[in-house]
Amino acid sequence: MTTLLDTLAFNDEGYLLNWQQWNEQVAYEIAAEEGIELTDRHWIVIHFARKIYAENGDAPTLRQITKQTDVSTKEMYTLFPDGPAKKAAMIAGLPKPTGCI
Amino acid sequence: MPRTLLILGAGTGGTMLANKLAHTLDHDQWQMIIVDQEPEHYYQPGFLFIPFGIYRPDEVIRPKQRLLPASVKLIFSEIALIEPDQQRVKLVKDDQVIPYDYLVIATGSRIAPDEIDGMLGDGWYQNIFDFYTYPGAVALAEALKNWKGGRLVINIAEMPIKCPVAPLEFAFLADWYFAQRGIRDQVEIIYSTPLSGAFTKPRASATLSRLLDEKRITVIGDFNISEVDAERRVIRSYDDQEIPYDLLVTIPPNMGAEVIGRSGMGDDLNFVPVDKHTLQSKRWENVFVIGDAGNVPTSKAGSVAHFMLETVVENLQHHISGEPLTPSFDGHANCFVETGYQKGLLIDFNYEVEPLPGKYPLPTVGPFSLLEETKLNHLGKMGFRWVYWNVLLKAIDLPISSQFSMTGKIS
């Protein structure tokens with residue numbers, strides 16, 4: 001059986017190559033593969049991440065997310081365990097944030 | 001009436017720029033003003049050596065006045081507010097207002113220990129120290145001298161940080177220092193970082209991990225600090241891991257100057273959004289940024305400020321003459337990494353190319369070995385202090401290109 005994700009191209013680390021091929025169903029399926037069930041709180045972060053990417057061409061850092069939404073850092077770790085900014089970007093169909101040099 | 005070029009900050013970037021422009025701007029048409037809040041210039045790469053007694057504190061300080069050209073007007077004051085839409089800057093001292101034609105922001109970055117809960121409690125400068133400030137480095141020297149051993153935890157709170165190799169160098173030098181004192185077996189050295197490995201770039205990370213291993217330094221990766229519990233002497237991460245410490249050496253979050261935030265010119269860390277190739281502000285065309293006050297995705301280091309200099313000077317001149325800007329800055333960074341036992345590595349990289357092994361050519365003294373421990377790299381690092389005061393800050397051309405080059409590198 002071909003799933004929705006099989007029809008899309010991802011890089012080696014599992015990030016969607018073309019962010020414009022993303023839709024909410026894609027998000028549900030990436031999240032499911034990561035063992036995450038999306039709630040309203042997740043969606044706040046996902047939509048914020050896509051908005052920032054559309055403006056700046058870079059997925060937001062954890063600090064940007066927690067300063068500009070009402071989601072705290074602590075909550076981010078509950079919503080997106082193991083590297084919240086990276087995981088949020090992945091589910092939002094964006095490249096890995098380049099925040100760290 | 002002459003036009004005004006205003007530089008905010010007389011640190012590494014601002015000083016180099018003032019010296020360079022002193023030779024290139026027409027003094028009949030331009031006045032140059034530089035504002036800074038502190039009279040002393042610190043050689044910041046030297047802070048690393050102070051805790052281990054390798055440098056005396058007085059070896060890293062010079063008066064700013066003496067490092068600047070006579071043709072620049074130097075004002076010591078805090079900056080109250082930058083108003084880029086009105087093209088003016090308000091100072092705290094005497095409520096002065098300085099209108100400008102061009103503004104160069106060189107306000108740098110600073111540590112913000114208050115961003116981490118519990119950091120500035122009872123343990124601060126007792127058994128919790130930074131070495132990114134002069135007082136921190138000096139206090140840590142005193143603490144290390146009297147330390148009998150235990151768990152030394154080096155923690156990077158958050159990226160990006162100024163000179164991202166300095167925490168590693170600190171770990172390497174600590175290993176050497178305790179070995180010399182004959183107490184290395186009584187010291188456990190833990191290096192904890194929010195990155196997955198020792199460094200941000202894969203090839204360098206592999207070399208540096210091997211060195212950490214050889215020197216019995218334990219790396220704890222993916223550790224995102226949420227708080228310091230000074231009473232229990234542990235640092236805790238957002239996902240509830242704990243690392244106990246006896247002595248904590250912290251690299252707190254690094255942020256741009258508060259005035260950048262106050263003036264609405266910065267991102268979430270008060271860094272000024274800037275075009276990464278032209279170094280022009282993304283919002284105001286007569287505003288440029290040099291050094292680590294901007295948000296360009298390369299290392300926040302003095303070498304980078306140096307490599308930015310040509311681009312900023314060129315583009316100021318282009319803009320003044322109404323010509324298109326040159327996108328010449330390529331993210332070039334170049335760092336000696338001190339590894340202890342009088343050896344060091346050299347890494348050289350840019351936006352596109354990560355640090356690679358090979359040779360770095362330099363007339364007369366070089367070539368230096370890249371990504372390989374040598375005595376010559378150590379001598380390069382130690383000799384750099386002289387170069388900094390006498391050549392770099394004076395904006396005298398060095399025999400190395402501002403642009404990154406693959407010459408000598410093995411890819």
Side-chain angles (χ1 to χ4, degrees), chain A residues 11-15 19 31 34-37 41-42 44-92 94-101, chain B residues 112 115-117 156-165 193-197 199-201 204-205 221-227 236-241 253-255 261 266-271 273 275-276 282 292 294-301 304 331 333 335 349-352 354-355:
Chain A
N11 74 5
D12 294 348
E13 293 180 299
Y15 292 83
W19 75 294
E34 296 294 316
I36 295 172
E37 197 175 323
R41 302 298 289 169
H42 291 94
I44 292 173
V45 177
I46 293 167
H47 289 307
F48 174 75
R50 291 194 57 91
K51 184 180 104 166
I52 293 293
Y53 187 82
E55 287 166 15
N56 302 339
D58 207 351
T61 60
L62 182 59
R63 179 177 285 272
Q64 267 173 303
I65 296 167
T66 57
K67 280 212 168 168
Q68 297 180 35
T69 70
D70 68 344
V71 180
S72 72
T73 310
K74 194 87 197 165
E75 189 181 357
M76 281 296 290
Y77 276 88
T78 321
L79 297 173
F80 304 96
D82 306 326
K86 286 180 223 161
K87 198 137 285 185
M90 181 184 281
I91 296 171
L94 306 173
K96 192 165 153 182
T98 56
C100 44
I101 299 302
Chain B
E115 289 279 316
I116 305 292
D117 286 346
I156 299 174
E158 180 177 336
M159 298 301 284
I161 55 169
K162 194 177 329 208
C163 189
V165 293
T193 165
L195 300 174
S196 307
F199 195 56
T200 51
K201 315 266 180 175
S205 193
D222 295 315
F223 186 91
N224 288 280
I225 189 171
S226 70
E227 60 179 326
R236 194 173 301 117
S237 69
Y238 281 106
D239 51 0
D240 292 318
Q241 302 173 59
N254 279 213
M255 296 179 74
D267 63 14
D268 295 281
L269 288 165
N270 296 343
F271 293 124
D275 182 281
K276 69 179 193 175
K282 288 195 171 170
D292 54 2
N295 74 339
V296 293
T298 185
S299 289
K300 297 187 169 299
V304 175
C335 324
F349 55 103
N350 74 357
Y351 288 140
E352 314 298 334
E354 63 164 322

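Every chain is numbered from 1, with letters handed out A, B, ... down the list of sequences.
Open room surrounds CG on A:D82; 12 or fewer heavy atoms of other groups in view lie less than 6.0 Å from it. Atom CD of A:E37 is surrounded by 12 or fewer heavy atoms from other residues, nucleotides or ligands within 6.0 Å.
Listed options B:D267, B:N295, B:D239, B:N224 were ranked by heavy-atom pairs under 4.5 angstrom with chain A; first place goes to B:N224.
Atoms CG and CD, on B:D268 and A:Q64 in that order, are 5.0 Å from each other to the nearest 0.5 Å. Taking OG1 from A:T66 and OH from B:Y238, the interatomic distance works out to 7.5 Å, rounded to the nearest 0.5 Å. Going from atom OG1 of A:T61 over to atom CE of B:M159 covers 13.0 Å, rounded to the nearest 0.5 Å.
The shortest distance between side-chain heavy atoms of B:D240 and A:Y77 does not fall below 4.5 Å.
Only the side chain of B:E115 comes within less than 4.5 Å of a heavy atom in chain A; its backbone stays farther off. The contact between B:P253 and chain A is made entirely by side chain atoms (from C-beta outward), counting heavy-atom distances below 4.5 Å.
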